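What you are looking at is a predicted structure, and each value in this text was computed from that prediction instead of being measured.
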Amino acid sequence: MSLVGVYDAEWRKRKINLFSVLRSFVSQLSPGQELTKVSLPSELCHPFSMLELVAYRELQLFHMLFDIVHHTSPYDRFLCVVRWYLGLVREETMEKKPFNPVIGETHLCWVDHGDGDISEFIGEQVSHHPPVSAFIVRNQKRGLSITGAITFKVGFGSNCASVTTGGEVTIHTGQETYTMTKCVPDMMVNNVIWGEKYLIWHGAITITCSDNDYVAKINLSEESVRNILEGKIYEGEKVIHILSGLAGEKAYIGDYHERKEVRESNESDEGLEGHEDDGGHGRHGGEQLFVDLSNYKDNTIIYLPTEVQSQFNSLKLWAPVKDAIIKYDLAVADEEKKKIEADQRNRQRERLLNDAWKDSQFFIFREKGDPIEGESQEEVLDRGAWNFKNNFSIDMQYITSVMEETDRIRAAAAAEDQAKLETQQNSDKTYTETCTVQ
């Protein structure tokens, strides 16, 4: 299983050892060394891949979108999407960074809601420079899907780490199509080396619907170590509602014009005062609770058994590095990590020589517009999109076959172990009898 959702393990609480980080970097340097081939020390990594984190984040509260089928008005369905997106920006502990997925790495997992109702995640690392992770989250029974091709850039400061995200995400329903400018907002992890660590979501996100004029603009920021959420909902150019609250906790919605009138009245009188139930972030102008994330239960995510994982499945690919990090054997972790990354460079070189980078296992790149002579791969990516091939599905038939294959492999392994045990016992018995005769 993935370790993304494990928060109470010893490895989660380890402090970063600067000497270990420096030693790992220095050991890789040599005259003329190409810095792009320097591997990030495992001391700075959590034992899971970014693909695993994307899957966990997308599937945890995917069921919040199920309410969309119960609404008859486009506006209520739009609010359902906004509510779901706010569920993505939950409180997070990200003291270190996940592994950068390597080219061709895949990640498969699902949620079983019962009665053949499956929500599936299919993800793949489709580009190395720039790094792009393509994915689809889909519930075929309910006619819902989320698709995206996203990028993550991680930077380290003196005592902080930043994660910048990119790439649009699209939600398809049976009635409308919605687009988000980011899979998740940018984030900043403060006090990475010393002090009390905490994460802040920050930046702006826009949610639109191509089938109507509704738009949501949300901004996240830090205020006195709190993660403030503010936003406006538009119909065309007209602001109709405002959003406010704390990211990962509660958000409130209010009528824009009522809020404006109350604010002007209060500012001319005594000013604005907050209420105790919202952590001091005041409610004004008839605002109502829009979403309380504590009322939603996380989905239980199911992963492929070890016996049937493919070579480039995230869980199998990174297993040697994960095991070494958990054991705190960072020398072994660094060595195993470098092997995986060196293999990626070789495979990437072949893909570029054969011009095969546009066609991956689950996704294919479709260019838009005419090609430009001499343009780089990154420039090509800017004028196209990664589309799911629809050549694979995690449905009940697939799950049943996977479990049957797992049982067969485990039974064969158990029979082999039993045969070895019996052979060893017979050998020991013969040896004992020989010794007795002598």
Side-chain angles (χ1 to χ4, degrees), residues 1-8 48 51-72 76-91 106-124 135-148 169-178 183-184 248 291-310 313-315 362 388 390-411:
M1 62 172 276
S2 175
L3 299 177
V4 177
V6 178
Y7 292 101
D8 56 354
F48 48 80
L51 273 181
E52 297 175 56
L53 181 60
V54 173
Y56 184 77
R57 180 65 61 186
E58 293 293 328
L59 279 177
Q60 263 188 317
L61 294 176
F62 183 57
H63 58 290
M64 288 179 68
L65 280 176
F66 293 175
D67 288 342
I68 206 167
V69 300
H70 302 306
H71 296 296
T72 56
D76 287 333
R77 291 194 292 269
F78 184 80
L79 290 183
C80 185
V81 172
V82 175
R83 190 177 290 110
W84 164 81
Y85 192 87
L86 296 182
L88 294 179
V89 291
R90 306 174 75 190
E91 186 177 359
T106 61
H107 189 61
L108 308 175
C109 54
W110 66 93
V111 174
D112 187 347
H113 305 284
D115 297 325
D117 188 4
I118 302 294
S119 295
E120 57 183 323
F121 177 93
I122 302 168
E124 182 175 6
F135 72 90
I136 180 170
V137 183
R138 180 171 61 173
N139 186 298
Q140 297 188 70
K141 188 174 183 178
R142 299 174 185 268
L144 290 171
S145 69
I146 306 172
T147 57
V169 173
T170 303
I171 295 179
H172 300 277
T173 72
Q175 294 162 303
E176 292 107 0
T177 298
Y178 305 86
C183 174
V184 291
V291 61
D292 181 354
L293 293 178
S294 66
N295 292 332
Y296 292 90
K297 182 180 179 182
D298 292 352
N299 286 319
T300 299
I301 302 173
I302 305 171
Y303 301 92
L304 285 173
T306 304
E307 292 84 355
V308 293
Q309 292 168 7
S310 65
N313 181 290
S314 296
L315 302 182
F362 300 121
F388 180 55
N390 203 22
N391 58 348
F392 176 75
S393 177
I394 303 176
D395 53 20
M396 287 306 300
Q397 182 179 351
Y398 171 77
I399 294 170
T400 300
S401 66
V402 161
M403 294 310 172
E404 289 175 350
E405 177 66 9
T406 302
D407 291 341
R408 187 192 65 76
I409 294 173
R410 289 176 179 174

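- Closest approach of L88 to C183, counting heavy atoms only: CD1-O, 3.4 Å.
- For E52 and S2, the side-chain atoms include at least one donor-acceptor pair closer than 3.5 Å.
- Under the side chain to side chain contact (heavy atoms under 4.5 Å, CB included) criterion, D407 pairs with no residue, sequence neighbours left out.
- Classified by interplanar angle (parallel below 30°, tilted 30° to 60°, perpendicular above 60°), the ring pair H107/Y303 is tilted.
- When the side-chain hydrogen bond (donor to acceptor under 3.5 Å, both in side chains) test is applied to R83, no partner is found at least two apart in sequence or on another chain.
- Applying the salt bridge (charged side-chain N to carboxylate O under 4.0 Å, His left out) definition to pairs two or more places apart or across chains, those involving residues 56-65 are R57-E92.
- Minimum heavy-atom separation, N139 to S119: ND2-OG, 3.0 Å.
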_L304 vs W110, side-chain contact (heavy atoms from CB on, under 4.5 Å): CA-CA, chis, key distance, verdict_ = CA-CA 9 Å; L304 285 173; W110 66 93; 4.0 Å; yes
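- Judged purely by distance below 3.5 Å, without hydrogens or angles, the side chains of Q60 and Y56 pair a donor atom with an acceptor atom.
- Summarising the geometry of C109 relative to L59, their closest heavy-atom pair is SG-CD1, 3.7 Å, with the distance given to 0.1 Å.
- With rounding to the nearest 0.5 Å, the separation of CD1 in I394 from CG in D112 is 12.0 Å.
- Contact record, M396 with G116: CG-CA, 3.8 Å, taken as the closest heavy-atom pair.
- Heavy atoms from other residues, nucleotides or ligands lying under 6.0 Å from CG of N391 number more than 12.
- Note that OG1 of T106 is 9.0 Å distant from CG of L315, once rounded to the nearest 0.5 Å.
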*asked:* Run H70 and D76 through side-chain contact (heavy atoms from CB on, under 4.5 Å) and show every step you take.
replied: CA-CA 9 Å; H70 302 306; D76 287 333; over 6 Å; no
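- A search for side chain to side chain contact (heavy atoms under 4.5 Å, CB included) contacts involving E405 returns V308, R408, I409, not counting sequence neighbours.
- In terms of the side chain to side chain contact (heavy atoms under 4.5 Å, CB included) criterion, residue partners of T173 (sequence neighbours excluded) are, by chain and number, I68, L144, I171, Q175, E176, Y178.
- From F66, atom CZ reaches atom SG of C80 across 10.5 Å, with rounding to the nearest 0.5 Å.
- For T306, the side chain to side chain contact (heavy atoms under 4.5 Å, CB included) partners are Q309, not counting sequence neighbours.
- Here L79 contributes atom CG and H71 contributes atom NE2; the two are 8.0 Å apart, rounded to the nearest 0.5 Å.
- How far CZ of R77 is from CG of L65: 13.0 Å, rounded to the nearest 0.5 Å.
- Residues satisfying the salt bridge (charged side-chain N to carboxylate O under 4.0 Å, His left out) criterion with R142, sequence neighbours excluded, are D117.
- A search for ring pair (Phe, Tyr, Trp, His ring centres under 6.0 Å) contacts involving H63 returns nothing, not counting sequence neighbours.
- Listed by chain and residue number, R138 satisfy the salt bridge (charged side-chain N to carboxylate O under 4.0 Å, His left out) test with E120 (two or more places apart in sequence, or in another chain).
- Between Y398 and I118, every side-chain heavy-atom pair lies at or beyond the 4.5 Å cut-off.
- Classified by interplanar angle (parallel below 30°, tilted 30° to 60°, perpendicular above 60°), the ring pair F362/F392 is tilted.
- Evaluation of the salt bridge (charged side-chain N to carboxylate O under 4.0 Å, His left out) test over residues 390-401, restricted to residues two or more places apart or in two chains, returns none.
- With sequence neighbours left out, the salt bridge (charged side-chain N to carboxylate O under 4.0 Å, His left out) criterion links D67 to no other residue.
- For the pairing with F121, the side-chain contact (heavy atoms from CB on, under 4.5 Å) check across V54, L108, I301, I136 returns one residue only, V54.
- Residue pairs meeting the salt bridge (charged side-chain N to carboxylate O under 4.0 Å, His left out) criterion with at least one member in residues 291-309, sequence neighbours excluded: R90-D298, E307-R410.
- Once rounded to the nearest 0.5 Å, the distance linking CZ of F388 with CZ of F135 reads 12.5 Å.
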*Decide side-chain contact (heavy atoms from CB on, under 4.5 Å) for V137 and F62; before the verdict, give the C-alpha distance in whole Å, the side-chain angles of both, and the deciding distance to 0.1 Å.*
CA-CA 9 Å; V137 183; F62 183 57; 3.9 Å; yes
